[in-house]
J.: 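Encoded as structure tokens, here's the structure I'll be asking about.
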Amino acid sequence: MNFGFSEEQDLLRSTARKFLENECPSVKVRTLMDGPEAMDPALWAKLAEQGWLGLISPEEYGGMGLGFVDLVVLMEEMGRAVVPGPYFSTVLLGGLAILEAGAAAQKKEWLPKIAEGEKRATLGWMEPSAMLGPQGVTLGAAQSGGRFTLSGTKLFVHDAHTADAIVVAARTSPGKTAEDGITLFLLPKGTPGLQVTLLPTMDQTRKLCDVTLTNVTVGAEAVMGEVGGGWQPLSRVLDRATVALCAEMCGGAQKVLEMTVEYAKIRQTFGRPIGSYQGVKHKAADMLVDVENSKSITYYAAWAMDEGVPEGPLAVSMAKAYVSDAYRRVAAAGIQLHGGIGFTWEHDLHLYFKRAKGSELTFGDATHHRERVAQLVNL
């Protein structure tokens, strides 16, 4: 694999960094995260103008038609700026699910509107059992003729309170295996029986909701893909979203490292910069190792997703297992090396630490993905 980036990808990175530094500084992040949507409509419109809401959507649906590695480059810069709001849920969850599993009519209706910034979408798949595999999908979808009635609860659904559509994974039949019998449904906002409750969370830059479905009745037009064949496209969406999250975490960790090294150069004790002391040097070196290893394993997973290689799922879980721990370690070390000022809420390090803790658990923590790695190598 060539770990180098193309000129176009380098341009995308530099453009995104400049744009986000100007349009989404930490002062704005703090303001937006206190609101219910954590997003400024003006900023959302500018993201659409940049083409980033349709970055990986085909041109026929109003997108840019770029590859997944391109999106990972952008997500790294998003993580560096701790961008709040529904970009992740709309592009990596709801939008990608429609792209992967949607019928031609569903793609034609939703993807151009998402790319233009007119509509937002998200994905509901986790349930009260907290099981991350196909066996965790138990929300019932009883079929009668050409109609389906859905009842159950989805937990920790990203930005469901502002989404114009929610893709829901439900079980339409028991199936011979846990993967069989899962069907994806596209439910527009305001569907009767669909109730969304905003949850209090530690990281307010990313809003989470409970979604309750009470006898939600829909027709065949709401079905995405084949009835009972929803797990395969869903698993592809979750794998790609996990890699994108890892890239976002890499960007955040890189920024924490830079902030900490800069502080170590200017903060003095006993007439010397604290960065001249061995204990500080070694801690910063450990942070650098974590950041660089995180980038390498994430870039490999992104390439594996783009190329569709058989070891793609293995690469995804290897990345998430490592980066989950690494970002948390880097964020915690950054606060420690900043000393007393690092423990004040006014310091931006807390934005990164909270994002690190939230991202650590999203799509499964390191323990879950180590177990998945073991299963994938037949241990």
Side-chain angles (χ1 to χ4, degrees), residues 57-58 60-62 89-90 92-115 118-129 131 133-155 157-197 209-238 240-241:
S57 290
E60 63 181 300
Y61 299 120
S89 58
T90 294
L92 272 305
L93 295 176
L96 189 55
I98 295 172
L99 182 61
E100 281 282 341
Q106 292 168 333
K107 293 178 182 180
K108 186 177 180 179
E109 177 183 0
W110 288 97
L111 292 180
K113 294 177 181 178
I114 289 175
E118 295 181 9
K119 298 293 184 180
R120 303 174 187 176
T122 190
L123 170 67
W125 63 286
M126 183 175 286
E127 299 186 14
S129 68
M131 301 178 72
Q135 65 273 22
V137 179
T138 61
L139 186 146
Q143 184 174 5
S144 178
R147 309 285 289 176
F148 297 85
T149 301
L150 286 69
S151 294
T153 300
K154 294 295 181 180
L155 299 182
V157 182
H158 290 73
D159 305 301
H161 63 307
T162 63
D164 297 290
I166 303 176
V167 177
V168 173
R171 190 165 291 280
T172 47
S173 63
K176 296 181 180 179
T177 68
E179 296 182 1
D180 296 331
I182 295 175
T183 304
L184 300 181
F185 294 88
L186 182 58
L187 306 179
K189 180 180 181 180
T191 299
L194 188 66
Q195 181 179 356
V196 177
T197 303
C209 304
D210 279 355
V211 176
T212 303
L213 296 89
T214 305
N215 295 324
V216 173
T217 302
V218 295
E221 72 279 357
V223 176
M224 301 174 64
E226 297 181 6
V227 174
W231 177 252
Q232 290 304 319
L234 176 60
S235 64
R236 291 194 297 269
V237 171
L238 294 177
R240 283 162 174 74

J.: I want to check something: taking the side chain as every heavy atom from C-beta on, are Q143 and T172 in contact at a cut-off of under 4.5 Å?
T.: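 They are not in contact (no side-chain heavy atoms under 4.5 Å apart), so the answer is no.
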
J.: Is there a side-chain contact between L155 and P128 (heavy atoms, below 4.5 Å)?
T.: yes

J.: Give a yes or no answer on whether the side chain of S151 reaches the backbone of T214 with a donor-acceptor pair at less than 3.5 Å.
T.: no

J.: Answer whether the closest heavy-atom distance between the side chains of L213 and L187 falls below 4.5 Å.
T.: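 Yes, their side chains come closer than 4.5 Å.
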
J.: Using a cut-off of 6.0 Å, state whether more than 12 heavy atoms not belonging to E226 lie near its atom CD.
T.: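 Count not over threshold, so no.
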
J.: Counting C-beta onward and ignoring hydrogens, is there a side-chain heavy-atom pair between T90 and D159 closer than 4.5 Å?
T.: no

J.: Within the distance-only criterion (no hydrogens, no angle test), does the side chain of D164 pair as donor or acceptor with the backbone N or O of K189 below 3.5 angstrom?
T.: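 Checking the backbone N and O of K189 against the side chain of D164, no donor-acceptor pair under 3.5 Å is found.
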
J.: ring-ring contact (aromatic ring centres under 6.0 Å, His included): which pairs involve residues 164-187, sequence neighbours left out?
T.: F148-F185

J.: Any side-chain heavy-atom pair from I182 and P134 closer than 4.5 angstrom?
T.: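 Yes. Closest side-chain heavy atoms under 4.5 Å.
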
J.: Rounded to the nearest 0.5 Å, what's the gap from CE on M126 to NZ on K154? Could you check?
T.: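 Here the interatomic distance stands at 10.0 Å.
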
J.: Tell me the closest heavy-atom pair linking L93 and H158, and the distance in Å.
T.: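 Minimum heavy-atom contact is CD1-ND1, 3.9 Å.
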
J.: Report yes or no: does T183 contribute a side-chain atom to a donor-acceptor pair with the main-chain N or O of G228 at less than 3.5 Å?
T.: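 Such a contact is found between T183 side chain and G228 backbone.
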
J.: Who passes salt bridge (Lys or Arg N to Asp or Glu O under 4.0 Å) against R171, sequence neighbours left out?
T.: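 Not a single residue meets the salt bridge (Lys or Arg N to Asp or Glu O under 4.0 Å) criterion with R171.
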
